[in-house]
Amino acid sequence: MTINEQQTREEMARLCASLFERGFSVGTAGNVSARVEDGLLMTPTNSRLGDIEPDRIAKLDLEGQHVSGDPPSKEVFLHQALYESRPQTGAVVHLHSTWSTALSCLADLDDEDCIPPITPYVVMRVGTVKRVPYVKPGDPKSGDLIRTLGGSAAGILLANHGPVVAGKDLFSAVAAAEELEETAKLVVALRGISVKTLSDDDVVDLRKTFGEM
Ligand code: 13P
């Protein structure tokens, strides 16, 4: 194992524990993956994000075959689809965090643009958030649904299930998932209230200054 892989395992365990301690994940909900030189590291299926042991994290080779560690998350298809459709992706976080999941259940949500630009950080850290239709957890069709987006969104809501966020590395993916969750909370809190969003010019300026997600 390379030093880099060992560091990624340790960082994954640390960030998963932090998400769990702060209530972004409960029970055995959620999974996290990260790219390494010769494949993918992924949290084991049915594990609590609070208890991830670096040496037991599942490893998949470049063909997606499980080669070591505990069996990987059943949501491996979701993760793989994001790495394939967004080559800049270095890590993926899937949660059942309360407010993003609440948003994912709304009947009148705009599937192409789930989060209006009400604050700058969601624009800077997550970008446009899209929703894909419901399939049961672990269904390989979840990967096909994500591929239909053609890499156009780093933040995705799985209808009636929860958020998935891709980032350039573990830290960025976790930070973006947290940002999405807090913004989803604001969006739900502000429903039914007339809201002033950022202007189109503000959004263009943010993207120019901080980069496109
Ligand atoms: P795993 O335990 O297989 O990772 O599944 C948890 C989950 O979040 C399902 O959506």
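In what follows, residues are counted from 1 in the order of the sequence shown. All ligand and atom numbering here is 1-based and tracks the order in the structure. This structure is a prediction, so every number in the text was calculated from the model and none was measured.
- The closest donor-acceptor contact from the side chain of R9 to the backbone of I57 lies under 3.5 Å.
- What you find for S33 and M42 is that their closest heavy atoms are CB-CE, 3.5 Å.
- The main-chain N or O of S172 is found under 3.5 Å from a side-chain atom of D169 such that the two form a donor-acceptor pair.
- Side-chain contact, K130 with S152: a donor N or O sits under 3.5 Å from an acceptor N or O.
- Near ligand 1, T28, A29, G30, N31, T45, N46, S73, K74, E75, H94, H96, H161 each place a heavy atom less than 4.0 angstrom from the ligand.
- Side-chain contact, S18 with R22: a donor N or O sits under 3.5 Å from an acceptor N or O.
- Between L206 and L198, some side-chain heavy-atom pair lies under the 4.5 Å cut-off.
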